[in-house]
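Worksheet: the structure to be examined is printed underneath.
Because the structure is a prediction, the values reported are computed rather than measured. Order of the sequence lines fixes the chain letters, A, B, ..., with proteins taken first and strands second; residue numbering starts at 1 for each chain.
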Amino acid sequence: MPVMSTNLIKNFFSGPATRPYPVVKREPFPRARVRLVYDPDKCTYCGICANICPAAAITMEEDRENLRISRHYDSFACISCGRCAELCPQAALLMAVRTHEPSDAKVVEHSTSR
Amino acid sequence: MQQVRVDRGADAFISPGALLKEVELLASEGVRFTTMVCLDVDQEFEIIYLFQRLTLDMVRIRVRISKDEELPSISSILLDAVLMENEIKEFFGVRITNLAIDFQCRMLLSAKSPQTPLLKVRPQSQSLGGGE
Amino acid sequence: MGFLKRARVKSPWILHYCTGGCNGCDIEILACLTPLYDVERFGMLNIGNPKHADILLITGPVNWKNRDVLKRLYDQTPDPKVVVAVGVCAATGGVFHNCVNTLGGVDKVIPVDVYVRGCAARPEAIIDGVVLALQKLEQKNSGGVAYATGTR
Amino acid sequence: MARVTFPFGPQHPVLPEAIQLQLTCEDERVVEVLPVIGYMHRGIEKAAEANLFPNNIFLCERICGICSFIHALCYCELMEGMMDVEVPPRAKHLRVVWSELSRIHSHMLWLGLLADSFGFESLFMQCWRAREIILDTLEMTTGQRVIQSSCVIGGVRRDINEDQEPDVRRKMDAFRKEINAIYPVFAKDYTVKSRTVGKGILPKEQAWSLGTVGPTLRGSGWDYDARTLGYAVYDDLGFEPIVEDGCDSYARMMVRLHEVVQSLELVIQALDRMPKGDLAVTVKTFPEGEGLIRVEQPRGELVEYARGNGTAYLERLKIRTPTFSNIPALLVMLPGCELADVPVITMSIDPCIACTER
């Protein structure tokens with residue numbers, strides 16, 4: 001305890017270290033990798049992201065009758081590795097810095113090719 | 001042994017009967033157990049024992065046994081091998097005898113888990129995912 | 001009883017249990033309790049006894065061995081209680097989706113009220129999740145929502 | 001005397017992870033201990049056979065969230081060795097920077113948890129506050145706090161560019177101030193010494209024969225560190241393993257404390273020597289044959305073995321994690337100790353259950 005006391009006194013006068021999170025929101029670092037943003041207009045449904053996804057969060061489904069491909073993205077399975085955004089040839093996927101908000105139900109995003 | 005690359009078939013296989021004698025010889029030289037790797041090769045198990053010398057080089061022993069053959073445990077000579085032997089027994093169903101501590105295939109898996117998960121072809125009688 | 005109900009919402013006690021993930025979310029939960037994110041500001045306290053807890057923070061995909069432990073912890077926690085699944089493996093299994101020994105998601109075993117996304121979940125997201133859990137606790141307290149009845 | 005057996009865990013406030021120790025006690029003294037593991041087992045080795053081999057990086061990273069970068073590094077170095085890929089020198093230096101940063105963050109985390117295990121709350125808080133500087137550096141440079149996902153086969157995905165480098169150095173200076181304040185507390189404080197000195201003795205001979213690795217081995221007087229094998233660029237950096245002769249919890253703690261300071265110097269050295277150039281090379285082949293690699297994790301030596309067959313799927317991936325070989329040491333250290341010392345001694349091997357059970 002005696003050795004620690006100098007630290008304690010210093011900490012007492014150095015002001016709080018706490019980030020008052022919900023009140024003051026700290027800007028994440030510009031290269032942070034948190035959330036996957038998808039642009040359905042740019043997507044060509046090539047399926048590279050679905051093949052490479054290590055968590056199987058992106059899946060592609062082929063509807064042979066109507067010649068359509070639908071893409072499903074489960075953000076509750078996404079591990080934010082950013083591999084898909086790196087490999088997307090159309091830059092339809094981006095990693096954004098905004099933190100995910102909590103939710104009370106699992107929702108899967110769908111989109112279908114025209 | 002190199003840090004990374006090991007060419008296949010670089011060292012000879014020894015028979016399971018000669019295993020204990022070989023390990024005893026190594027242990028008397030001050031060699032300690034590092035790990036063992038089990039591979040499911042067609043109708044046989046290939047088991048690689050890796051040891052470490054005081055000079056930090058690695059020593060390797062390879063054993064090939066058929067799937068229903070028994071393998072003596074080396075845990076009586078090197079006690080710390082017991083966890084890895086239990087793991088192999090559990091994951092592959094290798095019949096290892098004379099284990100110093102036998103977890104009865106319940107070290108990592110539970111009764112409801114899929115049994116012997118690392119076999120390439122699982123026995124038909126076991127269902128995947130257990131039962132409720 | 002009005003005082004007890006209010007006290008429960010103003011100072012929820014947390015029980016943290018790891019059901020077999022990678023630890024990433026566990027250390028982020030601990031990071032929430034330490035100076036920089038300090039959830040004790042909200043009156044939250046991390047405790048080791050399920051009988052004192054109001055909020056269960058569960059991380060990791062459930063496996064066959066600790067499924068029973070998790071059920072037991074859930075049963076021992078007194079009503080009203082809120083379950084928060086932290087991290088994507090607690091929600092769906094995430095990267096462990098094809099691992100043989102996992103069940104994939106806490107909601108296969110016990111009912112989950114709040115999901116927190118992220119791998120690993122950031123402390124900011126965990127704080128947000130706990131704040132949402134508090135609202136759920138308040139609703140359950142005032143009888144707005146029927147108590148979770150369990151899947152058994 | 002009556003013997004009592006009772007469980008320590010799987011849910012216990014000292015251990016964030018699920019492990020059970022079945023302790024048999026006579027009065028306050030532990031006479032027998034049996035670790036019951038398996039509460040965190042997922043089956044990663046099987047899943048690694050079912051995944052495409054580049055996807056296994058992200059799976060291997062999540063064996064353990066604390067030393068995740070080094071798990072990814074180990075897998076990538078193994079695959080590169082099997083496919084004869086030459087990694088660009090800049091990527092090698094970046095790998096050293098990030099693996100040493102994650103070593104610092106793991107050791108600071110452990111030092112805090114050790115302080116917590118004997119009830120020294122203010123020290124716990126101070127360690128974790130200092131650790132956040134490292135986490136900020138990691139987030140700034142790789143994009144994520146604990147699971148960096150920045151190592152790929154053939155190089156790295158992220159760079160520390162010119163605008164970031166002064167910032168990283170500033171953060172390292174800030175961290176040095178913090179560790180200078182924490183160091184004397186661990187080294188000299190009466191409370192810390194009375195709870196760790198002479199507790200959990202692991203004699204030198206037994207430390208070798210039981211197969212312990214990492215700080216547990218080095219705390220018993222063996223100068224073995226897998227970094228001396230010279231993967232990445234460790235052979236170019238001035239690196240000497242840290243050894244203590246005490247054989248007790250205090251010695252193991254001092255090894256880790258010194259390693260924090262050493263890792264800080266390694267980070268600075270790697271930043272100074274960092275050459276310019278490419279970050280990664282493209283890999284077009286598939287792994288074939290067998291490979292074995294040893295790298296040093298914060299907790300000790302990590303051994304990985306892989307066998308490939310020339311396709312995109314591995315035939316077998318075997319991961320021997322450090323805690324797996326440190327657990328037998330608990331069977332020697334715990335019997336004979338007092339019940340109140342069980343958390344401290346268990347913490348002193350830095351158990352990582354997620355690693356052990358994979």
| said: Does any backbone or side-chain atom of A:Cys53 lie under 4.5 Å from a heavy atom of chain C? Answer side chain, backbone, both or neither. | reply: neither
| How many angstroms lie between CG in A:Asp104 and CG in C:Asp113, if you round to the nearest 0.5 Å? | 8.5 Å
| request: Rounded to the nearest 0.5 Å, what's the gap from CD on A:Glu101 to CG on C:Asp128? Could you check? | output: 8.5 Å
| said: So, taking the atom named NE2 in C:His97 and the one named CD1 in A:Ile79, what distance separates them when rounded to the nearest 0.5 Å? | reply: 8.5 Å
| query | Which residue out of A:Ser80, A:Ala57, A:Ser75 racks up the most heavy-atom pairs below 4.5 Å with chain C? | reply | A:Ser75
| task | For the pair A:Ser103 (side chain) and C:Tyr115 (backbone), establish whether a donor and an acceptor sit closer than 3.5 Å, ignoring hydrogens and angles. | result | no
| said: I need the residue from C:Val95, C:Leu132, C:Thr34, C:Leu36 with the largest number of non-hydrogen atom pairs under 4.5 Å to chain A. | reply: C:Leu36
| field | Donor-acceptor under 3.5 Å (C:Arg117 side chain, A:Pro102 main chain) | value | no
